[in-house]
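Heavy-atom basis, side chains included; hydrogens, waters and symmetry copies ignored. Each chain gets a letter, A, B and so on, in the order its sequence line appears, and its residues count up from 1. Nothing here was measured: the structure is a model prediction, and the numbers come from that model.
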2 protein chains.
Amino acid sequence: MRTAIATVCLSGTLEDKLDACAAAGFDGVEIFENDLIASPSRPEDVAARCADLGLSIDLYQPFRDADLVTDDRFADTLRRAGHKFALMERLGARLLLVCSNVATATIDDDDLAAEQLSALGDAATGHGIRLAYEALAWGRYVNDYRRAHRIVELAGHPAVGTCLDSFHILSRGHDPAAIAGFDPERIFFLQLADAPALGMDVLSWSRHHRVFPGEGDLPVVALFDAVVASGYAGPVSLEIFNDVFRQSETRRTAVAGLRSLIALADTTAGHRAAATRTPGAGDVRPDRVGLTALPAVTPPTALGFAEVKTSGNDHLERVLRQLGFGYVGTHQSKPVTLWQQGDARIVINAQDAASADPLISALGVDVRRPIDAADRAHRLLAEAVPRTQRVDEEALTAVRAPDGTEIFFCQSGTAPAWAAEFHHDGRSEGEHPGLGIRRIDHVNLVQPWQHIDEARLFYPSALGLTRWPTLDVAGPTGLVQSQVMSSDDASVRVVLNVNPRVGGDAPSASRPEHIALACDDIVLAARAACAAGIVLLPIPQNYYDDLQARFGLDEKTVAQLRELNVCYDRDEHGEFLHFYTETIGELYLEVLERRGDYRGFGAADAPVRMAAQFALSRAPAAAT
Amino acid sequence: MRTAIATVCLSGTLEDKLDACAAAGFDGVEIFENDLIASPSRPEDVAARCADLGLSIDLYQPFRDADLVTDDRFADTLRRAGHKFALMERLGARLLLVCSNVATATIDDDDLAAEQLSALGDAATGHGIRLAYEALAWGRYVNDYRRAHRIVELAGHPAVGTCLDSFHILSRGHDPAAIAGFDPERIFFLQLADAPALGMDVLSWSRHHRVFPGEGDLPVVALFDAVVASGYAGPVSLEIFNDVFRQSETRRTAVAGLRSLIALADTTAGHRAAATRTPGAGDVRPDRVGLTALPAVTPPTALGFAEVKTSGNDHLERVLRQLGFGYVGTHQSKPVTLWQQGDARIVINAQDAASADPLISALGVDVRRPIDAADRAHRLLAEAVPRTQRVDEEALTAVRAPDGTEIFFCQSGTAPAWAAEFHHDGRSEGEHPGLGIRRIDHVNLVQPWQHIDEARLFYPSALGLTRWPTLDVAGPTGLVQSQVMSSDDASVRVVLNVNPRVGGDAPSASRPEHIALACDDIVLAARAACAAGIVLLPIPQNYYDDLQARFGLDEKTVAQLRELNVCYDRDEHGEFLHFYTETIGELYLEVLERRGDYRGFGAADAPVRMAAQFALSRAPAAAT
């Protein structure tokens with residue numbers, strides 16, 4: 001499978017974009033006209049640069065308002081096309097994208113469209129150029145890929161073929177199955193884009209919210225399967241209009257794009273067939289990435305540990321003890337300590353810590369075959385985490401999640417080998433009866449808004465987690481977008497929170513991350529923690545009044561929850577009870593009890609929590 | 001007219017919100033349930049705080065899923081309502097918003113709705129509470145205000161009335177005219193919200209994109225006129241769900257909200273009738289703002305000057321000379337100089353300048369009655385600009401636009417009185433033949449994204465400018481949203497640009513503002529400027545190749561434009577030719593010629609300009 005990407009996907013100058021495409025490992029590019037027009041490089045220079053970088057120019061685009069026009073207007077179509085053909089010759093581009101007419105079409109007639117495309121094809125042939133005709137989702141008359149392809153077949157011109165674009169097809173809810181029956185020689189080009197499910201007009205959706213395949217909600221895999229089934233062997237190209245990509249770091253976006261194609265090729269059942277097919281067209285070169293099957297995703301079985309980075313924080317250690325965690329030991333070669341209760345392990349790492357304020361720096365994900373999992377993640381272009389260890393120490397492999405969190409792949413099992421590297425220093429510990437905490441239920445990570453789309457693909461493709469629908473949570477300083485990622489059996493859950501884009505005179509607020517710990521009995525745990533002197537986040541009386549109204553809980557139950565600052569949620573599957581510790585730097589801990597088959601996270605309580613945290617962040621004296 | 005605002009419009013804690021509402025000058029508030037639930041203040045404390053602040057609690061909201069349900073479910077409606085009535089008594093709130101049922105309604109029957117509302121009304125009456133029934137735009141069965149009002153009339157219960165919400169009515173395109181015929185005693189509450197024209201599902205539109213009246217595109221004035229015609233004399237309340245407001249500075253948003261009501265009252269023909277009507281309900285108090293007619297807007301006749309702030313910049317002065325500006329003089333009492341050509345005046349102000357990099361700090365807007373214009377702006381809550389002047393100097397009044405730019409109201413006329421305060425210091429000037437520059441055509445100001453909605457109301461309400469539809473311009477580091485504001489005769493034009501919200505690892509780029517100067521003959525002006533040694537922004541050859549393709553210009557014309565780095569646009573009304581100077585700090589100058597009745601700004605050229613500026617900003621050596 002040969003990979004390509006449209007320059008419009010990326011930020012920066014045309015030169016920046018080409019460099020980034022090559023550095024990421026794409027085989028080719030689509031040159032977006034506006035990028036060329038704004039570039040000081042002559043077309044010949046661009047061609048030379050692409051050649052130097054090993055990039056083919058697979059498409060020049062777009063050419064608009066070509067077809068279904070009056071004779072007068074069509075004369076102008078040919079005049080304009082003549083300029084573009086001359087330009088493309090200088091550029092060495094041999095395929096032009098012709099969009100179905102949006103603005104100037106006045107005649108609704110397939111025969112005329114075929115006739116005009118043929119005439120345009122005749123003109124193109126003289127320049128060694130071919131035309132890929134695409135149905136825009138908002139084309140005046142032609143807005144269905146099946147109709148566009150019928151027109152191409154009617155034209156029957158060797159230089160006129162179809163361009164398929166997954167967004168234009170899937171955004172209108174069109175079934176891509178018909179593609180499988182297309183003559184692959186008539187499919188000149190394939191553009192892929194995904195998009196989140198948004199209820200908005202297709203044009204705005206397309207112009208601002210496209211994302212890379214797998215980052216959105218469209219059935220791109222089904223479409224790609226149909227294309228592969230047709231026998232198409234041309235480039236698979238990304239064409240993403242996205243407001244965030246336009247302002248993000250160019251090379252990083254390019255890598256994310258290629259990752260999406262690697263993941264797609266791995267996901268789709270047909271990718272092997274495509275990879276082994278003999279290329280049809282003469283100018284198809286072998287792909288440079290060598291897309292082959294990745295090691296199968298090995299479903300994670302647990303969050304084996306969470307690592308917190310701090311240069312040293314007595315407050316955190318005190319809270320851990322108050323929650324019944326025991327100090328296991330200090331690492332034999334690093335300034336790292338291990339704390340444990342049940343299967344919940346928290347590692348406190350002082351290596352290279354910039355601050356005493358704790359933050360979540362790494363997660364241990366238990367998998368059955370760590371080496372395969374790491375290999376898979378690396379081949380999905382995840383950044384490797386450099387790590388030193390002594391020869392007698394467990395070799396752990398880690399990659400960086402899009403937000404920078406290190407993900408360690410650990411061997412599933414109750415007694416992790418690496419834990420043996422921690423040695424108790426003999427300090428006096430007293431009793432650790434524990435609070436009945438069993439495991440890490442989930443971890444909540446704050447995401448930079450620039451990278452949430454990457455994260456939406458990373459966790460499913462690298463860790464086999466499933467994305468839930470996103471949820472907006474109203475905090476006192478803005479809406480927080482919450483994205484749950486969960487393994488199918490809910491043994492590994494990560495909640496990604498995208499905070500509002502703050503700037504200017506917006507009020508500041510701490511936006512802490514947290515580690516949530518599952519326990520057997522929330523009331524016992526809360527009582528024991530309070531007996532140990534813990535300071536919990538105070539939940540307002542008004543919240544408990546509302547609990548009664550919402551759920552009809554009896555007064556005694558509500559009084560108990562209120563006394564212990566325990567929050568409550570319920571759905572048709574079960575109940576959820578939880579309390580929050582005070583905030584320590586950028587971190588807090590949550591203890592929870594799930595009853596029945598409740599699978600949520602108490603989202604209704606999050607605004608109350610955030611308001612309480614916000615108020616305390618402005619009056620720190622009141623928190624102690 | 002009594003004014004109110006829902007606490008959900010604002011950021012921060014409930015306590016912050018109440019303080020901000022009172023400080024802005026609102027008469028009352030709607031307490032949004034989630035704000036109360038998240039507050040540590042008891043309802044009695046909130047009531048006391050409101051009383052101290054002089055705020056009435058005009059509404060408690062929302063109560064959901066009440067009506068069109070089975071008997072079983074309705075029993076739960078009454079149970080839940082009982083809790084809320086008790087709470088409202090503690091809060092001293094006497095009106096509850098009942099939303100038409102979205103989630104649990106299963107019976108489509110007006111009679112049942114009326115019956116259930118009556119039963120709820122009976123229960124409310126015992127607590128001295130009334131119910132305002134509102135048709136949500138996405139209500140399961142009731143989603144039209146006319147149907148909701150029919151149900152209220154069917155109920156015929158003294159404690160059951162209608163709540164009108166402009167968003168729910170206008171977002172569905174419903175004609176508000178029927179409101180004028182409603183019995184005003186049956187309208188219990190009025191909520192106003194505007195919204196930009198967006199093609200998206202009504203729920204998302206409502207939850208994220210509402211704005212204050214006048215900041216959006218909905219016909220709120222027509223609706224308000226109908227409400228006033230009905231004889232309604234209750235509070236006029238703002239209920240805005242807006243992602244940006246949620247994260248903006250609380251007090252500033254509250255002031256913007258009250259401004260929108262002042263502007264609305266001024267706009268609508270019916271406001272006098274409403275102001276003089278005798279209040280019907282016993283708890284209606286006179287409004288504290290004293291909404292009365294504002295001085296009529298006096299249409300601006302010219303941008304009399306643009307002021308640039310810099311601690312001193314030889315480069316800027318050199319460019320002005322190269323463009324044919326003459327030094328007029330230095331201010332008699334301030335470190336300020338005046339430069340002029342035709343009626344284009346540029347003031348360079350070194351007072352309190354933080355940097356040598358020039359930025360646009362003030363605009364002179366010529367109006368026929370400056371005192372009235374300033375009075376109008378002040379009464380629209382525009383911030384006054386403190387200004388010192390000697391007794392013998394012209395008293396100019398200025399207000400601050402939402403982005404901080406100072407707007408001076410100057411007397412229309414060709415010889416501004418304040419110009420006499422500038423005295424030539426006798427320095428040698430040489431000849432100033434000029435370049436045929438006549439006037440300031442427009443000024444382009446970069447807007448903080450938090451304040452663009454305010455600006456959308458400020459320029460029309462304070463200066464009488466008309467908003468054009470917004471436009472997205474693709475720059476190399478993100479989309480720029482461009483908003484033109486123009487007087488009807490185009491004598492005053494301001495272009496507001498909202499730059500992408502940059503953060504994290506996004507590439508940095510200078511995003512300059514500019515002053516655009518209209519000249520008689522762009523070719524003569526460009527030649528003369530070049531002869532004077534000016535450095536223009538280089539426009540790529542590829543742009544000119546495309547010009548030929550787009551417009552069919554002849555080669556000689558294109559060659560001339562290319563030689564002079566002049567850009568070209570054309571529409572059905574005329575032509576637009578313009579060139580850009582190099583960037584000086586955060587500023588550049590544009591010289592343009594309008595031919596025929598072209599009214600645009602060459603938006604198609606903006607991406608090319610931005611790419612060239614971006615490339616130069618990274619390679620400053622190349623710019624000199």
Side-chain angles (χ1 to χ4, degrees), chain A residues 11-13 33-34 36-43 76 79-80 83-84 87 198-201 203-204 207-208 243 246-250 252 448-451 472 474 476-479 500-507 538 540-543 545-546 548-550 552 607-608 610-612 614-615, chain B residues 11-13 33-34 36-43 76 79-80 83-84 87 198-201 203-204 207-208 243 246-250 252 448-451 472 474 476-479 500-507 538 540-543 545-546 548-550 552 607-608 610-612 614-615:
Chain A
S11 69
T13 65
E33 179 157 277
N34 283 353
L36 184 73
I37 289 172
S39 167
S41 303
R42 295 180 313 140
D76 193 59
R79 184 194 63 74
R80 287 188 294 121
H83 280 280
K84 296 306 167 187
L87 171 70
L198 294 173
M200 66 191 333
D201 70 281
L203 181 60
S204 302
R207 292 260 168 96
H208 301 285
D243 290 1
R246 283 182 188 274
Q247 63 186 100
S248 300
E249 203 260 311
T250 317
R252 178 164 181 162
W449 54 264
Q450 299 96 325
H451 304 319
D472 286 328
T477 58
L479 290 183
R501 307 185 197 180
V502 174
D505 57 8
Q541 169 65 38
N542 296 337
Y543 168 84
D545 290 346
D546 185 60
Q548 276 185 281
R550 272 199 290 158
V608 175
M610 287 193 282
F614 175 66
Chain B
S11 68
T13 64
E33 178 157 277
N34 284 351
L36 184 73
I37 289 174
S39 167
S41 303
R42 294 180 314 138
D76 194 60
R79 185 193 63 75
R80 288 188 294 120
H83 281 281
K84 296 306 167 188
L87 171 70
L198 294 172
M200 66 191 333
D201 70 281
L203 182 60
S204 302
R207 292 260 168 95
H208 302 287
D243 290 1
R246 282 182 188 276
Q247 62 186 102
S248 300
E249 203 261 310
T250 315
R252 178 165 182 159
W449 55 265
Q450 299 96 324
H451 304 319
D472 285 328
T477 57
L479 290 184
R501 306 186 196 181
V502 173
D505 57 7
Q541 169 64 39
N542 295 338
Y543 168 84
D545 289 347
D546 184 60
Q548 277 185 281
R550 272 199 290 158
V608 174
M610 288 192 283
F614 175 66

**Request:** Check whether D472(B) gets within reach of chain A through its side chain, its backbone, both or neither, counting any heavy atom under 4.5 Å.
**Result:** side chain
**Request:** Heavy atoms only, distances under 4.5 angstrom: which of P607(A), A474(A), S39(A) has the most pairs with chain B? Name it, please.
**Result:** S39(A)
**Prompt:** Should L479(B) and R207(A) count as side-chain neighbours, where that means a heavy-atom distance under 4.5 Å?
**Reply:** no
**Interchain contact, P538(B) with chain A, by part (heavy-atom threshold 4.5 Å)** = neither
**Prompt:** Is R246(A) reaching over with its side chain to a backbone N or O of P476(B), donor-acceptor style, under 3.5 angstrom?
**Reply:** no
**Message:** Just so I understand: if I count every heavy-atom pair under 4.5 Å between each of P540(B), G478(B), A549(B) and chain A, which residue has the most?
**Reply:** A549(B)
**Asked** With only heavy atoms counted, which part of T13(A) is less than 4.5 Å from chain B, the side chain, the backbone, both or neither?
**Response** both
**Prompt:** Less than 4.5 Å apart, any side-chain heavy atom of E33(B) and any of D546(A)?
**Reply:** yes
**Item:** Heavy-atom proximity to chain A below 4.5 Å, by part of N34(B)
**Value:** neither
**Message:** Heavy-atom pairs under 4.5 Å with chain A - which of I37(B), D201(B), L36(B) has more of them than the others?
**Reply:** I37(B)
**Message:** At a 4.5 Å cut-off on heavy atoms, which part of Q541(A) comes close to chain B: side chain, backbone, both, or neither?
**Reply:** neither
**Prompt:** Considering all heavy atoms of both residues, which atom of S41(A) and which atom of N542(B) are nearest to each other, and what is their separation?
**Reply:** O-ND2, 2.8 Å
**Asked** What do the steps show when you test D545(A) against K84(B) for salt bridge (charged side-chain N to carboxylate O under 4.0 Å, His left out), and what is the final call?
**Response** CA-CA 9 Å; D545(A) 290 346; K84(B) 296 306 167 188; over 6 Å; no
**Request:** Sort out for me which of R42(B), R80(B), Q548(B) touches chain A most, counting heavy-atom pairs under 4.5 Å.
**Result:** Q548(B)
